[in-house]
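Note on naming: letters A, B, ... go to the chains in the order of the sequence lines (proteins, then strands), and numbering restarts at 1 for each one.
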2 protein chains.
Amino acid sequence: MSTTDEAFQGHYLTNLSVHTVLFTIIESELVMCARERTEGPFRFHWELPGANPRMQESLEAAAHRSLSEIVHGSSAILQQLKVFGEPDRDPQRRSIAVCYWGAIAPEHLQPQPPVVSAIHALAESERFAFDHRTIAITAIAHLKRALCNSSVVTDFCPTTFSIRELHRVYEVVFGTEIAAGNFQRKVRSSPGFITKTNTPPASEKGRGRPAEIFTNSRRVEVSPPFHFPHDS
Amino acid sequence: MSTTDEAFQGHYLTNLSVHTVLFTIIESELVMCARERTEGPFRFHWELPGANPRMQESLEAAAHRSLSEIVHGSSAILQQLKVFGEPDRDPQRRSIAVCYWGAIAPEHLQPQPPVVSAIHALAESERFAFDHRTIAITAIAHLKRALCNSSVVTDFCPTTFSIRELHRVYEVVFGTEIAAGNFQRKVRSSPGFITKTNTPPASEKGRGRPAEIFTNSRRVEVSPPFHFPHDS
DNA sequence: CCAATAGTGTCTATCAGACATTATGGA
DNA sequence: TCCATAATGTCTGATAGACACTATTGG
């Protein structure tokens, strides 16, 4: 059995990492947390948050740890995205990346979070380290699918929110205008999607009719799902 | 940094494996390929096909290799399911399992394939090795979701098939009767789901009107999806 | 009153579920 | 001819898209 043929558990060249694609919306744009590398290979390229799982640490816990310098207190809800393990994905060694994704309200991030526009990930122009552009694009596709099929949109919002805020998330992510009336009907008629609060209509600045304030309960499936022009 | 705290790339106790949940339908029952362990821990427990990826081998290739003794010639179409990496999933060592799933026509399996009923995986009674019952249950949920949202059902059938055969797959997997007329309408109206062949209506035995014969082209999404009573 | 935003009602086309009807073969 | 299975047609209720309309605030 040659070196290149053997199973590689325990092989010193192998590496197991966890990476996280954390979405939020800043200034009406879908962005994901990422940092520019300052050293080593792929210097000046964008890199997704990552961590190496510890011996007694679950992969999901490692994913949360990869965000420790980015999220502000309350932890994000993460879901497995995919494993990327092509032999050549890391030019230095065989490396397996278990990837997670999630969304979070910008209020829960550190003040000046390092982010990159999702549109840049889709454009060929932006340079990502390793296969992180592929990971990002896969995550965007999962995000769109999840938005259509579940109430994950509430992860983008603070604990209380108006329907309009949910509406804006969909418009930003799908880059399309959505009729507000139909959106209200759909969200309100999906059992468990939102829960009305009796908090007074928010002390926000408002120059129109104040919105009702809701909170998310559990994650629910939307059936039949939302349907938008899908470019992915 | 203690032993239990350190990152574990290269640690000799770690193991990376690939497991595959391959579904098929035998005697009107949903089954998955699995083998009874004959030695070591979990002896006499069911075990999913697995392999250890080699140094230059992609994870998907390893998943296909895990089926080498089961599939008969034409290879199955596999999709990533999930990674299972809880620290305690293998009592002997830290072990990461990258899992795939797929479906195949029974004709493409070896003559007497080792299989276990999917219903047994769902019932608490059946004993699986490691966390393979959890993996199997996750795969069943993914299968149902994929059947609702795509044309993956054709993987259960030979290269040519009738609509009735697709119909039966859904009835077996979801354990429910589906109106044949509506099913025909849905499948025929989903672009790309099936492609008509001009082969004469099959030389099969038949005591009714012979069915038209189709072939699958590419995998397509079904929008809006099928909807069945979902128990998962 | 007007502007602006939130929320509701209405009309229509589409589509799934239920089920009747026709089509096409074998015994 | 009768039977069995495949395929089509019909009716109805539910719902999404388009969009008009009402509600509720601030200036």
Side-chain angles (χ1 to χ4, degrees), chain A residues 28 147-149 151 153 157 160-171 174 176-191 193-215 220-230, chain B residues 28 147-149 151 153 157 160-171 174 176-191 193-215 220-230:
Chain A
S28 296
L147 283 175
C148 287
N149 290 285
S151 61
V153 63
C157 299
T160 60
F161 49 81
S162 66
I163 292 181
R164 177 64 181 154
E165 293 178 70
L166 305 180
H167 185 191
R168 259 186 279 260
V169 173
Y170 282 89
E171 291 195 329
F174 290 96
T176 195
E177 284 206 354
I178 300 166
N182 297 334
F183 185 82
Q184 289 246 358
R185 173 158 39 96
K186 179 77 174 171
V187 169
R188 287 176 185 267
S189 69
S190 293
F193 200 117
I194 53 178
T195 306
K196 193 176 289 191
T197 65
N198 22 10
T199 38
S203 54
E204 299 284 333
K205 86 285 186 184
R207 35 198 169 298
R209 173 176 172 177
E212 298 177 26
I213 300 300
F214 298 85
T215 185
V220 294
E221 300 283 303
V222 176
S223 176
F226 286 95
H227 181 63
F228 304 110
H230 49 292
Chain B
S28 295
L147 283 175
C148 287
N149 289 284
S151 60
V153 63
C157 300
T160 60
F161 50 82
S162 66
I163 292 181
R164 176 65 181 152
E165 292 179 70
L166 305 180
H167 186 190
R168 258 186 280 261
V169 172
Y170 282 88
E171 290 195 328
F174 289 95
T176 195
E177 285 206 352
I178 300 166
N182 298 334
F183 185 84
Q184 289 246 357
R185 173 159 38 98
K186 178 77 174 171
V187 169
R188 287 176 185 267
S189 68
S190 293
F193 199 118
I194 52 178
T195 306
K196 194 175 289 190
T197 64
N198 22 9
T199 38
S203 53
E204 299 285 332
K205 85 285 186 184
R207 33 197 170 304
R209 172 176 171 176
E212 299 178 25
I213 300 301
F214 298 86
T215 185
V220 294
E221 300 284 303
V222 176
S223 176
F226 285 96
H227 181 64
F228 305 111
H230 49 292

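- Between the side chain of Y170(B) and the backbone N or O of L147(B), at least one donor-acceptor pair lies under 3.5 Å.
- Residue H227(B) holds its NE2 atom at 10.5 Å from CZ of F174(B), rounded to the nearest 0.5 Å.
- In this model, the phosphate group of dC15(C) is not approached by any side-chain N or O of K186(B) to a distance below 4.0 Å at OP1 or OP2.
- I163(B) places a side-chain heavy atom less than 4.5 Å from the side chain of F214(B).
- Along DNA chain C, the nucleotide nearest to R209(A) and the one nearest to S189(B) differ in position, and the one closer to the 5' end is contacted by R209(A).
- I178(A) places its CD1 atom 14 Å from the C1' atom of dA18(D), with the value rounded to the nearest Å.
- What separates CG of L166(B) from P of dA7(D) is a distance of 11 Å, to the nearest Å.
- From one end of the helix from dC1(C)-dG27(D) to dA27(C)-dT1(D) to the other, with five pairs defining each end axis, the axis direction shifts by 10° (rounded to 10°).
- Atom pair F214(B):CZ and dA7(D):C1' shows a separation of 10 Å (rounding to whole Å applied).
- Projected onto DNA chain C by closest heavy-atom contact, A180(B) and R188(A) fall at different nucleotides, the more 5' of which corresponds to R188(A).
- Between the P atom of dT5(C) and the CD1 atom of I213(A) lies a distance of 16 Å, rounded to the nearest Å.
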Below 3.5 Å is the cut-off: list the nitrogen or oxygen pairs between protein and nucleotides 9-13 of chain D, distance only.
none

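- Candidate nucleotides dA7(D), dA16(C), dT8(C) were compared by shortest atom distance to the side chain of Q184(B), and dA7(D) ranks first.
- Between the CZ atom of F228(A) and the C1' atom of dA18(D) there is a distance of 15 Å, rounded to whole Å.
- Taking atom OH of residue Y170(A) and atom P of nucleotide dA16(D), one finds them 13 Å apart after rounding to whole Å.
- The heavy-atom pair separating F193(A) from V222(A) by the smallest distance is CE1-CG2, 3.6 Å.
- Distance alone, capped at 3.5 Å, is enough to place a donor-acceptor pair between the S151(A) side chain and the V220(A) backbone.
- Note that the CD atom of E212(A) and the OG1 atom of T160(A) stand 13.5 Å from one another [nearest 0.5 Å].
- Atoms CD and NE2, from E177(B) and H167(B) in turn, are 8.0 Å apart once rounded to the nearest 0.5 Å.
- Atom CZ of F226(A) is separated from atom C1' of dT15(D) by 13 Å (rounded to the nearest Å).
- Nucleotide dA16(D) holds its P atom 12 Å from the NE2 atom of H227(B), rounded to whole Å.
- Side-chain atoms of T197(B) come within 3.5 Å of backbone N or O of I213(B) as a donor-acceptor pair.
- Between dG25(C), dA7(D), dG17(D), one nucleotide has an atom nearer to the side chain of E212(B) than all others, and that is dA7(D).
- Using modelled atom types, one side-chain atom of E165(A) and one backbone atom of S162(A) make a donor-acceptor pair closer than 3.5 Å.
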